[in-house]
Amino acid sequence: MRALYSALLAAVLAPMALLSVPLTAQDSLPPAPYAYTQLEDPALEAQAVELMATLRCLTCQSQNIHDSDAPMAGDMRHQVRSRLAAGEEPGAIRQWLIVRYGDYVSYQPEVSSTTWPLFLVPAIIFGFGFLLLFRRLGRKRSDGEDAKSASTSEESA
Amino acid sequence: MRWTLWIPLGLFVFFLGLAGYQLTQPKDDQIPSAMVEKALPEFELPAAVETMPGASRADFIGGKPKLLNIWASWCLPCIAEAKQLEVLEGQGVEIIGVAIRDKPEDVAIFLERYGNPYTRIGKDDISSLMLEIGASGVPETYVIDAEGVIRYQHIGDIRLEHIPLLLEELKKAET
């Protein structure tokens, strides 16, 4: 059983290992100063981590720059940390990136001309659901009363 | 049975179909820069090799539209596009290069091996210009007009079929 399990696991994992070969070669320069170094001020570093966790790595598109080990993610972390250290607001840094890459770079959804249905549709669906629920409950109650009166009338008959 | 009962199932099948369709579509992982049609941000980069000057925003101002080529000696597609850049240079196009996260000795070897179509090469060790102009990888090539406005972005290596396209964009950028 165990042998079968590990064989299956290998069969599943082997193609994944092949797919994960990096597409581009890596450079040989050391990472940017603030790529892997935390800011001295813990409060600023906490802000940096919070921001970096919601920014998309552009070379490894399903990761955020806080998680990614790509050189470019390191360079983006350097920008985030050095800009925070220079006194910029986290929101301004996010906006700086959105101006350059569009909404795509940010994992924090914002209401815009293309994203408003994302915010509106759930509200409509919830409203519709509640409406349905209340109508059902209301009908159930009156149905129940009808049934009771029907049964009592049966008994009396 | 009331027909309205079928609406949720219909919606479910619709979304299933939509998801299935999207899953079978080829993945588009190109990230277009939002900086096209905007001014090239201010930058000044030191020389990437001793033999050539560095690059700054001021180098794009005046004269004819120029190409800004973002590349690196460690990037394989950059080797593939080197020949096409030479062709563009032969057509009288000025190409200003920016080497991303690169060592001067590696840049020198690359230029010796694959040719040097550049008039200047800036050195960008922390991808700062890449982030400034919304580039997400190497190589990328930008058409910059004489006023310093980014007019066109080409993502990935320039292949033979892209040369007429770039020449046309350069011509368009003249006006």
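Throughout, protein chains are lettered first and strands after them, A, B, ... in sequence-line order, and every chain is numbered starting at 1.
- Clustering ILVMFWY residues whenever any of their side-chain heavy atoms sit less than 4.5 angstrom apart, transitively, puts I158(B) in a cluster other than the one holding I155(B).
- Only the side chain of Y104(A) comes within contact range of chain B, with heavy atoms under 4.5 Å apart.
- In terms of heavy atoms, R101(B) sits closest to P71(A) at NE-CB, 3.8 Å.
- Both I93(A) and V49(A) belong to a common hydrophobic cluster when Ile, Leu, Val, Met, Phe, Trp and Tyr are linked at side-chain heavy-atom distances under 4.5 angstrom.
- Taking OG of S136(B) as the reference point, atom CE of M72(A) lies at 6.0 Å (rounded to 0.5 Å).
- Taking a 6.0 Å sphere around CD of Q108(A), one finds it holds more than 12 heavy atoms contributed by other residues, nucleotides or ligands.
- Side-chain contact between R100(A) and L131(B) is absent, with no heavy-atom pair separated by less than 4.5 Å.
- There is no path of hydrophobic side-chain contacts, each under 4.5 Å, that joins V121(A) to L118(A).
- Within 6.0 Å of the CD atom in E112(B), the count of heavy atoms belonging to other residues, nucleotides or ligands does not exceed 12.
- No donor-acceptor distance shorter than 3.5 angstrom exists from the side chain of Y101(A) to the backbone of M35(B), with no hydrogens or angles considered.
- If you measure heavy-atom distances from D102(B) to chain A, the contacts under 4.5 Å come from the backbone alone.
- Taking 4.5 Å as the limit, some side-chain heavy atom of S128(B) sits within range of a side-chain heavy atom of Q79(A).
- Both L129(B) and V99(A) are assigned to one and the same hydrophobic cluster, defined by single-linkage of ILVMFWY side chains at heavy-atom distances under 4.5 Å.
- In terms of heavy-atom proximity, G102(A) sits nearest to A34(B) at N-CB, 3.9 Å.
- Residues M130(B) and D75(A) have side chains not in contact (no heavy-atom distance under 4.5 Å, counting atoms from C-beta outward).
- The hydrophobic cluster containing Y107(A) does not contain V105(A), counting ILVMFWY residues as joined when their side-chain heavy atoms lie under 4.5 angstrom apart, directly or transitively.
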